[in-house]
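We use all heavy atoms of the structure for the numbers below, so side chains are in, but hydrogens, waters and symmetry mates are not. Because the structure is predicted, anything quoted here is derived from the model rather than measured.
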Amino acid sequence: MTIPPRKLFGTDGIRGTANRPPMDAGTALRLGQAAGRFFNRGSHKHRVVIGKDTRLSGYMLEPAMTAGFVGAGMDVMLVGPLPTPAIAMLTRSLRCDLGVMISASHNPYEDNGIKLFGPDGLKLSDAQESEIEALMDAPHFLESLAAPSKLGRASRLDDAPGRYIEAAKSAFPRGRSLEGLRIAVDCAHGAAYKVAPTVLWELGAEVVSTGVSPDGFNINRDCGATAPGRLAELVRERRADLGIALDGDADRLALIDERGRIIDGDQILATIAAAWHRDGRLSGGGVVATVMSNLGLERHLEGMGLALHRTKVGDRYVGERMRESGCNLGGEQSGHVILSDFATTGDGLLAALQVLALLVEEKRPASEVCRRFAPLPQLLENIRYTGASPLSDAEVARAIEAAGTRLGGRGRVLVRASGTEPLIRVMAEAEDEAEMRGTVMELAALIRARAAAGAVKKVAAAE
């Protein structure tokens, strides 16, 4: 089946600058109406749960979406700031027809986004998103909304944080405790600013918290998973056993070992995979990761007799491949880790708890437990463009193919367009760092030249 191209939805929902299309109240209202109609099927009373992070613009988008769902005849449950994985969990546990997370994840406060979850707690497929977009554009769409007597109601679910806290704690091995461990956690002034420190404290840890004073503007600002330097300093200063850096909606993480060194998503996947494989808990004979994961991870897993199934970037695609392959562990180098035995989407806190359980069991420091392989030197260069994508240029395509051939089995090349911004991402990794850097620089220079030529053509056409 051919899926129509999507105008609003990207690789992870809808995202953009707040109070500007598509992240304006009007679009949010229309999306709520369309998604409400799409999931309002059957004779039962339909329900949707809406969560958000701590951005100021959440106060604009949340009531707009609420109005849209109520107008589509759905009852709305509002839970306030909670992690994205909490919304996925609540969608299932409350038997809702739909879950909504209002968040731009690791982006600055000026941006916001909307992620949708189906009744199974899974992110919507490309086909479902295309159908919702088509509804939004339908000429007589408003006529299909609820009659006055069939409007929904909105209410607040006050115990939602406690439900997620208990669910997170249940993923930690029964009978074990974090007593004796000092854990530093950076919540990025985001959605997990209350629940993450609480979970760690209730499991017995001494908790050192930072990034827990949101003001609507400081989410992800020089903190969290995308800027873990401050947490690394805190770990060294307070002599913490582990640092946990979450992003704005807490669906991804970076870990900091006791020496203040960053542990990325690839090392986290390798650490959990080894423990689960040893205990007979790893399903599917391997791990799912994206094309961005380091070749060192792939070789490490092969050494254990495990496969690495690669997919395109986006934890939604990782989840889909996990279900296809029967794997219960997958994730991204950026720190999205999906543990399908416990959650339907990436959950930074649950991933951290799996690592902490291993620290408790092995009684060794994180610098030893979480350094599973030596990554190949890797470099990523981002190139912004306007007009047509430079990747449509035949010379660019030939250069990319030639670069991959030159590296052969010593490394690999990946050039792709971003799913959320007009960027071309050029990545290479190789055993020889000089060869790797030369490859990236050569391809980046060519793509920049083609991007500049495309921008000139766009201006000329406009004149």
Could you walk me through whether Arg323 and Leu122 pass side-chain contact (heavy atoms from CB on, under 4.5 Å), step by step?
CA-CA 11 Å; Arg323 293 187 290 278; Leu122 300 174; 3.2 Å; yes

Would Ile132 and Leu124 count as a side-chain contact (heavy atoms from CB on, under 4.5 Å) here? Give the steps.
CA-CA 10 Å; Ile132 291 172; Leu124 303 190; 3.7 Å; yes

Determine, stepwise, if the pair Val313 / Glu332 fulfils side-chain contact (heavy atoms from CB on, under 4.5 Å).
CA-CA 8 Å; Val313 173; Glu332 299 187 275; 3.5 Å; yes

Please lay out, stage by stage, how Leu116 and Ile14 fare under the test side-chain contact (heavy atoms from CB on, under 4.5 Å).
CA-CA 9 Å; Leu116 302 180; Ile14 304 172; over 6 Å; no

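Annotation: ring pair (Phe, Tyr, Trp, His ring centres under 6.0 Å) contacts of Phe141 (sequence neighbours excluded): none.
Side-chain contact annotation: Tyr109 with Asp53, donor-acceptor N/O pair under 3.5 Å absent. Inspection of the Asn294 and Glu429 side chains reveals an N or O donor paired with an N or O acceptor under 3.5 Å. Defined by atom type and a distance below 3.5 Å, a donor-acceptor pair is missing between the side-chain atoms of Arg372 and His300. Using modelled atom types and a 3.5 Å distance limit, the side chains of Asp341 and Asn328 yield a donor-acceptor pair. Inspection of the His46 and Asn40 side chains reveals an N or O donor paired with an N or O acceptor under 3.5 Å. If you check the side chains of Ser293 and Asp266, you find a donor sitting under 3.5 Å from an acceptor. In this model, a donor atom of one side chain and an acceptor atom of the other lie less than 3.5 Å apart for Glu258 and Ser367.
A salt bridge links Lys115 with Asp249: the closest approach of a Lys/Arg side-chain nitrogen to an acidic carboxylate oxygen falls below 4.0 angstrom. Note on Asp257 versus Arg259: no salt bridge recorded, every NZ/NE/NH1/NH2 to OD/OE distance being 4.0 Å or above. A salt bridge does not link Arg230 with Glu233: every distance from a Lys NZ or Arg NE/NH1/NH2 to an Asp or Glu carboxylate oxygen is 4.0 Å or more. Taking a cutoff of 4.0 Å between a charged side-chain nitrogen and a carboxylate oxygen, Asp347 and Arg252 do not qualify as a salt bridge. With respect to Lys7 and Glu133, no salt bridge is recorded, no charged nitrogen being found less than 4.0 Å from a carboxylate O. Taking a cutoff of 4.0 Å between a charged side-chain nitrogen and a carboxylate oxygen, Asp24 and Arg20 do not qualify as a salt bridge.
Closest of all the heavy-atom pairs between Ile272 and Gln354 is CD1-CB, 4.0 Å. The nearest pair of heavy atoms linking Asp247 to His106 is OD2-N, 3.9 Å. Nearest approach of Arg92 to Asp120, heavy atoms of both residues: CD-O, 2.9 Å. Of all heavy-atom pairs spanning Cys327 and His309, the tightest one is SG-CD2, 3.7 Å.
Lys52 forms a cation-pi arrangement with Tyr59, by the criterion of a distance under 6.0 Å to the ring centre and an angle within 45° of the ring axis.
Heavy-atom contacts from other residues, nucleotides or ligands closer than 6.0 Å to CZ of Arg153 number 12 or fewer. Lys194 NZ: 12 or fewer foreign heavy atoms inside a 6.0 Å radius. Within a 6.0 Å radius of CZ in Arg310, other residues, nucleotides and ligands contribute more than 12 heavy atoms. With a 6.0 Å radius and a threshold of 12 heavy atoms from other residues, nucleotides or ligands, Arg95 has its CZ atom at or below the threshold.
Legend: ring-ring contact (aromatic ring centres under 6.0 Å, His included) pairs involving residues 186-209, not counting sequence neighbours: none detected.
Judged by distance alone, with hydrogens and angles left aside, the side-chain atoms of Arg37 form no donor-acceptor pair with the main-chain N or O of Met136 at under 3.5 Å.
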